[in-house]
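See below for the structure under consideration.
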Amino acid sequence: MGEKDRLKKVLFFKDPNRISDALQGFGIDDYSGKQTLIKLHMGEVKNKYFSKPEFVKLVVDVLLRKSAKPFLYDTTVLYNSRRRYVEGYGKVADMHGFKDENIGCGVIIDDEGIPVVVEGNTYFVGNKLYEVKHIVGISHFKGHIASGMGATIKNFGMGGVTRESKKFMHHGCKPIFNEENCCYCGVCSEVCPFEAIEVKDESWNIKEDACFGCGVCIENCKYDAISYVRNDLSYFLACSTKACVEKKKVIYINDVNRIARNCDCDPDSGPIICPDIGYFMSDDPVAVDAASLDSINKVKPDVFQDINKVDPYKQIRYGEKIGLGSSSYELINL
Ligand code: SF4
Ligand code: SF4
């Protein structure tokens, strides 16, 4: 196979109203008459930067014109949040404008899944995601404390599977305590959503079983007294994405705007760290993340590596290694 054959097509456009032309470039006509799952992160309460209903509606409008049967989709989360439960997540989705009267289609939130084995590990893919064969992924691009950045691979790898699998993937990411720097202020204990840390007088203890590796304590310690062991969350994300999308027709869209330091799971996802860039689309999940990240690096070199101290290309390299997709792409301006 020549170099040209390995290049995956990635479309770039700035104007969201070009979405119809872009989708046409990836065979949207095949979605006609098909139940179509739109994988989204509908935003933590108080988060400002998740992909907006106005943009999602543009995608839904195209699908409806093609006589597809779209619905918005996500799974429940691991941490303490209204989004931990199907009903609570439904209310948050509604509050953020993801409802039939605004968008033109309904919302399904899953919290049970079907086991799929990839590279020797089992991932429980959300029931509806497992069942449906036609998918559009809309992923907001931002930083992430444990994987450097999050976009398509994160949206599917973490967001497409059940809490049990989310816990499995986070399990290797645990805080390490550095006694020399600690002033025993207790902030880490107060902010931990899982009550895993106890600070008393001059002692600091963690309940390993209670810790889900969310990283909130690390973000909030001003004294660099806690750091991370990252047991290749990026690898698990790539494998889990493969479990979610293999043998399906998927069009991936990255919304590379409102690029914040932290994830949409965070009520306060921190400052914007890069100016808006636009939208990237591909039928290859690795290529779309690679093209988006390369574009950010041209404007703000190594911004995610510098802020989150994790190589954001890791998930892309792992994705390529396990056959999820290709990091070689041809970028076409629409
Ligand atoms: S927030 Fe940092 S300095 Fe304060 S108790 Fe926790 S580890 Fe120690
Ligand atoms: S990473 Fe820190 S904040 Fe998160 S669960 Fe573990 S101890 Fe708590």
Side-chain angles (χ1 to χ4, degrees), residues 41 43-47 49-50 74-85 88-89 92 111 123-124 142-150 154-155 157-159 161-237 240 260-271 304-305 307-312 314-315:
H41 184 314
E44 185 51 75
V45 176
K46 294 190 182 155
N47 183 284
Y49 299 132
F50 56 88
D74 202 4
T75 60
T76 51
V77 301
L78 195 55
Y79 45 86
N80 284 341
S81 155
R82 285 165 79 176
R83 294 168 54 244
R84 185 174 168 86
Y85 305 100
Y89 197 155
V92 174
D111 72 346
Y123 301 88
F124 288 84
K142 67 273 162 180
H144 191 277
I145 187 171
S147 56
M149 64 84 177
K154 178 81 174 30
N155 185 18
M158 191 58 74
V161 295
T162 62
R163 284 204 304 272
E164 185 177 357
S165 291
K166 289 178 169 98
K167 187 173 177 184
F168 162 73
M169 286 188 278
H170 271 113
H171 209 69
C173 307
K174 290 288 163 74
I176 302 179
F177 180 53
N178 178 357
E179 192 176 351
E180 277 177 15
N181 289 355
C182 184
C183 65
Y184 302 98
C185 65
V187 167
C188 53
S189 170
E190 283 162 30
V191 296
C192 173
F194 302 100
E195 298 180 1
I197 298 178
E198 190 180 61
V199 181
K200 237 190 205 167
D201 302 324
E202 298 232 324
S203 79
W204 187 97
N205 289 299
I206 185 161
K207 289 179 227 153
E208 294 282 347
D209 287 352
C211 173
F212 284 152
C214 67
V216 168
C217 56
I218 298 158
E219 260 178 70
N220 282 277
C221 175
K222 295 193 172 22
Y223 300 92
D224 276 340
I226 331 178
S227 54
Y228 233 153
V229 183
R230 296 182 182 90
N231 197 4
D232 270 344
L233 177 66
S234 302
Y235 171 72
F236 292 134
L237 288 174
S240 177
R261 186 185 63 200
N262 293 331
C263 186
D264 298 342
C265 296
D266 207 323
D268 172 12
S269 50
F304 297 116
Q305 172 82 45
I307 288 177
N308 292 320
K309 309 283 184 270
V310 187
D311 179 359
K314 253 167 83 168
Q315 51 193 291

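First listed ligand is number 1; within each ligand, the first listed atom is number 1.
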Just jot down the ligand 1 atoms closer than 4.0 angstrom to any heavy atom of [X], in number order.
X	answer
W204	6 (Fe), 7 (S)
C183	3 (S)
I226	7 (S)
Y223	3 (S)
A225	2 (Fe), 7 (S)

In ligand 2, which numbered atoms sit nearer than 4.0 Å to a non-hydrogen atom of [X]?
X	value
I197	7 (S)
F194	5 (S)
I206	7 (S)
C211	1 (S), 5 (S), 6 (Fe), 7 (S)
P193	3 (S)

* Supply the atom-to-atom distance L78 CG to F194 CZ, rounded to the nearest 0.5 angstrom. =>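 Reported value, rounded in 0.5 Å steps: 5.0 Å.
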* To do: Find the distance between CZ (F168) and OG (S240) and round it off to the nearest 0.5 Å.
  =>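 Going from CZ on F168 over to OG on S240, the span is 9.5 Å.
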* Asked: Judged by atom type as modelled, is there a donor-acceptor pair below 3.5 Å linking the side chain of R261 to the main-chain atoms of G143?
  ->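 Such a contact is absent between R261 side chain and G143 backbone.
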* Is a donor on one side and an acceptor on the other found under 3.5 Å between the side chain of D266 and the backbone of N262? ->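 A pair under 3.5 Å: no.
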* Passes side chain to side chain donor-acceptor pair (under 3.5 Å), T75 versus K166? Steps please. -> CA-CA 10 Å; T75 60; K166 289 178 169 98; 2.6 Å; yes
* Any ion pair linking K46 and D268 (charged N to carboxylate O, less than 4.0 Å)? ->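 A salt bridge is absent here (no side-chain N lies under 4.0 Å from a carboxylate O).
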Closest protein heavy atom (residue, atom, distance) for [atom]:
atom	value
atom 8 (Fe) of ligand 1	C182 SG, 2.4 Å
atom 5 (S) of ligand 1	G186 N, 3.3 Å
atom 6 (Fe) of ligand 1	C188 SG, 2.3 Å
atom 4 (Fe) of ligand 1	C185 SG, 2.3 Å

* Is any N, O or S atom of C221 under 2.8 Å away from atom 2 (Fe) of ligand 1? ->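 Coordinating: yes.
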* Grab the two heavy atoms, one from N308 and one from I145, that are nearest each other, plus how far apart they are. =>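 The answer is OD1-CA, 3.8 Å.
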* Asked: Considering all heavy atoms of both residues, which atom of E44 and which atom of H41 are nearest to each other, and what is their separation?
  ->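 E44 and H41 have their closest heavy atoms at N-CE1, 4.0 Å.
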* To do: May I ask you to identify, for Y184, whether its side chain, its backbone, both or neither come under 4.0 Å of ligand 1 on a heavy-atom basis?
  =>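 The backbone, only.
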* To do: Answer yes if the ring centres of Y123 and F236 are under 6.0 angstrom apart, and no otherwise.
  =>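 No.
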* Within-4.5 Å side-chain heavy-atom neighbours: N220 and E190 ->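 No - every pair of side-chain heavy atoms lies 4.5 Å or more apart.
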